[in-house]
Amino acid sequence: MTAPPRTSWWCARAWLGEAGIVDGVEVAVRDGVITEVRVGVAARAGIPRLDGLVLPGFANVHSHAFHRALRGRTERAAGTFWSWREAMYDLASRLTPDSYRDLATAVFAEMACAGFSSVGEFHYLHHGPDGTPYKDPNEMSVALLDAAHAAGVRLTLLDACYLEAGPGHPAHGVQRRFSDATPEQWAERVGALGVAAPRARIGAAIHSVRAVAPEAAEVVAAWATAHAAPLHAHVSEQPRENDECLATYASTPTALLARAGVLSPRFTAVHATHLAEADRWLLGDAGVAACICPTTERNLADGLCELGPLVAAGVSVCIGSDCHATIDPFEELRCLEGHERLRSQARATLGPETLLTAGTSAGHAALGWPAAGRIAPGAPCDLVCVETTSTRLAGADGEDLLSAVLASATADDVAMVVVDGALVASGGAHSSIDVPVALDRAIRAAWS
Ligand SMILES: [Zn+2]
C-alpha cells in the first residue's frame, strides 16, 4: 500500500482570517486537505514557495458558463435586461453537449487562473434544441462536470428547475431546452445524475418565481431538504419580476418563496436587488445567504442591491460573476463595496475582512462546502497567491496590505493558484489548458 500523498506549501505571507496577515506560514497537506498551519517559520528546501500574499481560494457562487460567449457582443445595444436576454437566448439555442463542454472547460479554467477554486454553476440548459431530452437526459450536466474536472476547479452543479415562461404561460422557443415540464420530472432527472466526482456535488435551483410556480417550488425545496443539498434561486433581479409576482400572487417573490418552504440556511438568494424591507427580514430570519453579482448587475443595468440593510438583517453575503462580463474576484468584491458606497454615500461599509469572507468562506458555505475558503486545518488546501510587487500594489504593506489588494488588485495579480493541494495555475497560465486559445476556439464554435 502506498502512503497517501503529502505535500506542504510555504507562504511568505498569508491571511488567516481572525489572525489577520501572518508572515512565514507553512501549510501541511494530506489528500488535498490542510492538516497543519505553522506560523512564523522560515522557508525550507524542498517545500514549494508562494511568495506574495496568500489568500484562501475564492468561490464563484453564481455562474452561467455559456454566457461567457456573450462578452463584448451585447454592449452596443441600448435596452434593458430583457433585450439582453434575447441575445442570450440566441446563444442558448446553438449549444450542443460537445460545444458546451469545450466552452465551459475554457471558462472554468479562466476562473481558476483568476483565483476561483470553486464554482456554483446555475444550470438550466438541459435538453435538445426542440426540448426533447438527450438520450442521457443529463448529458449537458455531464458536460459541465467534465469541464470542471478538466479545469481543476470544485463544482457545485446547481441544477435549475425551469418550467414555464411566466405564470400560466408555457415555455416556448429556446425555453423548451430549459424545461422538464413538471417538478417531478425535474426531480427524477436530477436524481438520476448521481455524482461520485471528488470535487463535485449536486445542488438544486429554482430558476425564478417567473419560471417555477409556488407548488413546483415546494417540490424542489423538498428535494433539496431530502438530499441536504444547497438550494439557490434568482430573486428580485428586476422590478418587472416583482410586478408580475405581485399581480399574479399578491406577494413579493421573497414572501412567495418563504410560503413555499424555500427559505432556510441551505438557501441562497441570487441578486436580491429589489427587495422590500419585509423581504430582507424574511431572508435574515431564515439564515439564508445572498449572492450578489455586482459586475453583472452593473452590466445588465439591474439596479443596486441595498447591501447595508441586507447585512443588517442577518443575511450572509457572497459573490458570483454570473454572466462573466468579467471574471475577477477582486473586481466583484470591489464593486460590492463600491456600489454600496455610491448608494449609501458612506465609505468603508463592509471592511476588508468582511469582503474577503464574502469572497471565500461565505461563498463556499453557500455552495455546500462549509470547510472550504479558509487556511486552517480541516479545510481543502485552496490557496491563491497574490503578487504584491505589481505596479498596482507597490508600496502597500502592513495592516493596509489587505485593503490595498481589495482596492486595487486584479486577476492579473494572481501569481499561483492551488486547489486541493495541487498547483492549477501559475503566472496567469493554467497548468494544462491554454486558456485564451481554448476560449477563442470555443466561443467561435458556439456562434458558428
Ligand atoms: Zn443568473
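When a ligand or atom number is given, it counts from 1 through the structure's own listing order.
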Exercise. Apply side chain to side chain donor-acceptor pair (under 3.5 Å) to R298 and H339, showing your working.
Key: CA-CA 9 Å; R298 178 177 67 185; H339 287 180; 4.8 Å; no
Exercise. List nothing but the number: protein N/O/S atoms under 2.8 Å from the Zn ion (ligand 1).
Key: 3
Practice problem: Provide the full list of side chain to side chain donor-acceptor pair (under 3.5 Å) pairs with a residue in residues 74-83, sequence neighbours left out, each pair given once. | Solution: E75-N299
Quiz prompt | Minimum-distance pair of heavy atoms, taken over all atoms of E340 and G308 | solution = OE2-N, 2.9 Å
Quiz item: Which atoms form the tightest heavy-atom contact between D98 and R101, and what is the distance?
Solution: OD1-NH1, 3.1 Å
Self-check item: Nearest heavy-atom neighbours spanning R189 and A160
Solution: NH2-O, 4.5 Å
Exercise. Measure the acute angle between the ring planes of W84 and H67, then classify it against the limits of 30° and 60° as parallel, tilted or perpendicular.
Key: perpendicular
